[in-house]
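Notes for the one structure printed next.
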Amino acid sequence: MKTFNIPDFYRSRIITPIKEFRRQKDKLKRDFTPTVLDFGPVRFLIARHFGFCYGVENAIDIAYKAIAENEGKRIYLLSEMIHNPDVNRDLQDRGVQFIMDTKGNQLIPWSELTPDDIVIVPAFGTTIEIQNKLSELGINAYQYDTTCPFVEKVWKRAAQIGEKQYTVVVHGKPTHEETRATFSHSKEGAPTVVVKDMAQAHRLATYITGESSPEQFYEEFKGQYSEGFDPAEDLRRIGVVNQTTMLAADTQGIADYLKQVMIHHFHLVPDQVDEHFANTRDTLCYATNDNQDATYALLTHPADLVIVAGGYNSSNTSHLVELCEEKLPTYFIASADKLLDRHLIRHYNLTNKEEVVTENYLPDQQPVTVMLTCGASCPDAVVEGILLRFLSFYEGTRPVEEVMEIFR
Ligand code: SF4
């Protein structure tokens with residue numbers, strides 16, 4: 001497997017060796033049981049898979065190379081390179097400027113850029129329109145292109161579906177950078193519409209059956225369909241792709257539902273289904289699948305609480321939080337300093353989209369069992385910081401070196 005040059009400060013003397021130890025013992029990734037770290041008064045159950053994925057390591061490698069190779073030049077990122085505040089802050093501290101925010105709002109006008117500038121394309125990829133804009137400005141968008149190959153794979157899948165005259169339905173968050181990029185690439189080859197969840201899939205079904213009018217479609221799916229989209233014609237043959245970081249079960253549910261809608265509406269017998277519905281598998285990446293499967297396995301064990309670490313705008317991390325919230329008290333935190341003390345935690349509420357403070361998040365009895373996991377863009381160093389912060393709340397914990405002995 002390709003290895004990347006990642007700055008040491010993103011690694012951890014605890015988490016990184018554990019991952020390597022587990023990887024060596026289970027190269028085929030068949031064992032999803034969590035790693036247990038027993039410090040006495042506090043125990044940690046650490047998910048089998050979490051943290052930096054191929055695409056994130058690739059992006060970090062390229063971005064730091066761009067900085068090293070272009071001293072004295074102005075270096076820009078189209079927007080956050082990945083959804084992690086530590087990584088983005090470090091790049092900004094090294095002089096990298098963001099041209100847009102994560103929603104696509106312009107922070108630096110295009111007119112300020114010159115052909116001498118370096119522009120890094122983030123791991124989510126970018127739109128055809130922005131690629132063209134950079135070409136017009138004389139900037140090579142491919143010199144430091146960190147687009148994840150697994151995102152490009154979705155674009156290819158959309159193109160294949162389009163070549164067979166299906167309309168592409170993208171299951172994704174409409175304003176997320178990756179979905180905007182996928183939408184842009186997909187619409188080059190096929191009518192394309194984005195659905196964000198099952199509720200929108202239900203609404204889309206009413207346009208497939210003709211129950212709702214095209215006028216309603218244009219209002220309801222505003223900003224989510226390609227130019228010239230005709231719901232009466234373009235929803236007769238569809239195929240589903242998805243943002244690489246959605247919940248596997250959600251995409252499966254949406255694809256199964258839309259397939260059933262097609263079968264009923266067009267009165268299809270089994271060997272006619274392909275005429276109206278492209279039977280494709282989801283386009284989740286390996287990291288999303290591994291992290292979600294490892295989270296399901298983690299949650300089969302008893303524990304007092306779960307800590308999920310990551311950027312609050314990280315799609316894959318928020319889905320791990322949703323899975324954990326179904327089973328246990330779950331706290332979504334960006335860094336160790338959100339553990340204010342033994343009694344107070346500042347954490348992100350996914351529903352209200354704001355940080356809140358919760359009291360008495362740790363039980364009084366000992367030992368306390370804490371589950372730990374994080375998203376694909378969260379450095380091991382952040383997870384280590386959280387673990388050490390918990391240890392600082394307890395007297396008489398076993399030394400880290402002693403607990404780590406079994407991983408040497
Ligand atoms: S989460 Fe998946 S698609 Fe996103 S950067 Fe990582 S490997 Fe690529």
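Indexing begins at 1, ligand by ligand and atom by atom, following the structure's order.
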SG of Cys285 to CG of Asp290: how many Å apart, nearest 0.5 Å?
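One finds 8.5 Å between SG of Cys285 and CG of Asp290.
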More than 12 heavy atoms from other groups under 6.0 Å of CZ on Arg342
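Above 12, so yes.
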So that I can tick it off, tell me whether Glu220 and Arg203 are bridged by a salt bridge, with the cut-off set at under 4.0 angstrom between side-chain N and carboxylate O.
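Yes, Arg203 and Glu220 are salt-bridged.
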Could you check whether Glu401 pairs with Arg13 (Lys NZ or Arg NE/NH1/NH2 to Asp/Glu carboxylate O, under 4.0 Å)?
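Salt bridge between Glu401 and Arg13, a charged N being under 4.0 Å from a carboxylate O: yes.
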Measure distances from atom 6 (Fe) of ligand 1 and count the protein N, O or S atoms below 2.8 Å.
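Number of qualifying protein atoms: 1.
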His276: which residues meet the side chain to side chain contact (heavy atoms under 4.5 Å, CB included) condition with it, sequence neighbours left out?
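Once residues adjacent in sequence are excluded, the partners of His276 under the side chain to side chain contact (heavy atoms under 4.5 Å, CB included) criterion are Met262, Phe266, Leu268.
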Side chain of Arg11, backbone of Pro379: donor and acceptor closer than 3.5 Å?
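No.
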